[in-house]
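Worksheet: the structure to be examined is printed underneath.
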Amino acid sequence: MEKILIKNGRVVDPANYIDGKKDILIEDGKIKKVADFIVEDEDTNVIDADEKVVMPGFIDLHVHLREPGFEYKETIETGSKAAARGGVTSICPMPNTKPVIDSPESVKDLLKRAECSPVHILPIGACTIGQEGKELADIEGMKDAGIVALSEDGKSVMDSALFRKSLKEAARLDLPMFSHCEDKALVEGGVMNKGQKAEELGLPGITNSVEDVIVARDIIMSKEAGNRLHLCHCSTADSVVLVEMAKKQGLPVSAEVCPHHFTMSDDEITEDNGRFKMNPPLRNREDVDALKEGLKTGIMEVISTDHAPHGKEEKDQSMLKAPFGIVGLETSFALGYTELVDKGVLTLSQLVEKMSVNPAKVLGIDKGNLAPGKAADIVIADITKEYKIDSSKFVSKGKNTPFDGKKVKGRVITTIVDGKIVYKY
Ligand SMILES: NC(=O)N[C@@H](CC(=O)O)C(=O)O
Ligand SMILES: [Zn+2]
Ligand SMILES: [Zn+2]
């Protein structure tokens, strides 16, 4: 296998308290050496990373790949290539495909399909059969087949007694539960955040309580069941309050924030168009500020995208009709760098913690770390030059983003997975 030497880059590796100029030698898919100066052999591929940052590859805990069943929106191939383009070296696909990933056979089928992927694919299994919320799935069988977490994402398991059963299985099998928090009955047809903007556009609103009551329920129920809980796409100020409360009690609770929720508030929605529609919705400024503060203080530990590709026709219509969801794999680092690091909310090292180190901790996997001996999952990025997000360049089939044309900094230049270059700008 090719030897790679990454020279002169600013290595940002918070797991090893490193933020400074280093060379990294990669051999046999692993990190061989990290030092101030490494001399290359003749047969080494040297990557000049001068003025670039070198980080552990990002791990995205929340991605929708749409295969099987909705290949017109995305396939495993296009979604995983989008990940590579975004510097994301491991992705966790959610089970809301058709059929749903709810059995050992469907997990095995997914992993077989995933052989085409340039990045690691770590599947998530559904809590209930068909995500119908009626009957518990074969969780143990799915664990044996290779799932890394459980989630009913797309909805909550609204039957609390059934949810308790899945939490107990999660605890028994040591699988984290990834909760999509949404009280279905409270949605009442809402399509965007309830507030002045929704009124202006004449659209039905989604209140914060839709999320908050299930965040509270899931924390309380996980405390009783003894499972690890990871709260998906937190969007409200009170989610942050509740996560802080759980942490103060020492509960194994983690929470993620998606780039769109810390980048944009509902007052920035310019028109009634599906590209502004996702679940949970873009919230108000106070919520956005609370999420940023939560990221800064460390209450919110993970940034993941909830990459949710949809077809052009589906999305290019009123929010009343368009499906929920926006893409994120190819813009997450740029939005994180631009909105959080460049604006002084986080250091670059803290951003890497939230995109690489902490997601690995949530899963309990040995990644997000550039020490010698570790797998060489690495991203090299340029954080100096400003550019505009251009959705027509996305390799994802989904072009549905509200950030087209947005000026950002933070461009992924090279992505390496297990010592192999899988993307080059
Ligand atoms: N986030 C979304 O708006 N949509 C997701 C489902 C989900 O993450 O809940 C999807 O699968 O499209
Ligand atoms: Zn969700
Ligand atoms: Zn999702």
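No hydrogens, no waters, no symmetry mates; every other heavy atom, side chains included, goes into these values. Numbering of ligands and ligand atoms starts at 1, following listing order.
Within the 4.0 Å heavy-atom criterion, the part of Asn96 lying near ligand 1 is the side chain and not the backbone. Only side-chain heavy atoms of His62 come within less than 4.0 Å of ligand 1; its backbone N, CA, C and O stay farther off. Contacts of Asp306 with ligand 1, taken as heavy-atom pairs under 4.0 Å, involve the side chain alone. In His233, the part holding a heavy atom less than 4.0 Å from any atom of ligand 1 is the side chain.
Taking only nitrogen or oxygen atoms, main chain and side chain alike, Gly325 reaches within less than 3.5 Å of ligand 1.
Of the candidates His180, His64, Met94, His180 brings a heavy atom nearest to atom 9 (O) of ligand 1.
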Go through the steps for Glu339 and Thr263 under the test side-chain hydrogen bond (donor to acceptor under 3.5 Å, both in side chains), then give the verdict.
CA-CA 6 Å; Glu339 296 299 318; Thr263 299; 4.9 Å; no
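At least one heavy atom of Arg66 sits less than 4.0 Å from an atom of ligand 1. Within the structure, the closest approach of His310 to ligand 1 falls below 4.0 Å when heavy atoms are considered.
Residue Lys194 places its NZ atom among 12 or fewer non-hydrogen atoms of other residues, nucleotides or ligands, all under 6.0 Å distant. The 12-atom threshold is not exceeded at NZ of Lys81, counting heavy atoms of other residues, nucleotides or ligands nearer than 6.0 Å.
With respect to Asp174 and Arg228, a salt bridge is recorded, a charged nitrogen being found less than 4.0 Å from a carboxylate O. Salt-bridge annotation for Glu169 and Arg172: present, with a side-chain N of the basic residue lying under 4.0 Å from a carboxylate O of the acidic one. Between Arg275 and Glu271 there is a salt bridge, since a side-chain N of the basic residue sits under 4.0 Å from a carboxylate O of the acidic one.
For the Zn ion (ligand 2), the neighbouring protein N/O/S atoms at less than 2.8 Å, given as residue and atom, are Asp153 OD1, His180 ND1, His233 NE2.
The contact set between ligand 1 and Met278, taken as ligand atoms under 4.0 Å from a residue heavy atom, comprises 3 (O). Each of the following atoms of ligand 1 lies closer than 4.0 Å to a heavy atom of Gly154: 6 (C), 7 (C), 9 (O). Within ligand 1, counting atoms from 1 as listed, the ones closer than 4.0 Å to a heavy atom of Phe324 are 2 (C), 3 (O), 4 (N), 12 (O).
Considering only residues two or more places apart in sequence or on other chains, Asp218 meets the side chain to side chain donor-acceptor pair (under 3.5 Å) condition with Ser179.
For atom 3 (O) of ligand 1, the closest non-hydrogen atom on the protein side is Asn279 N, 2.8 Å. Looking at atom 7 (C) of ligand 1, its nearest protein heavy atom turns out to be Asp153 OD2, 3.3 Å.
The shortest heavy-atom contact between Ser80 and Ile121 is CB-CD1, 4.5 Å.
For the pair Lys277 and Phe324, the cation-pi criterion (under 6.0 Å, within 45° of the ring axis) is fulfilled. With Tyr387 as the aromatic partner, Arg411 meets the cation-pi criteria of under 6.0 angstrom to the ring centre and within 45 degrees of the ring axis.
Between His233 and His62, a ring centre-to-centre spacing shorter than 6.0 Å is recorded.
For the 3.5 Å distance criterion, the side chains of Ser235 and Glu211 qualify, holding a donor opposite an acceptor.
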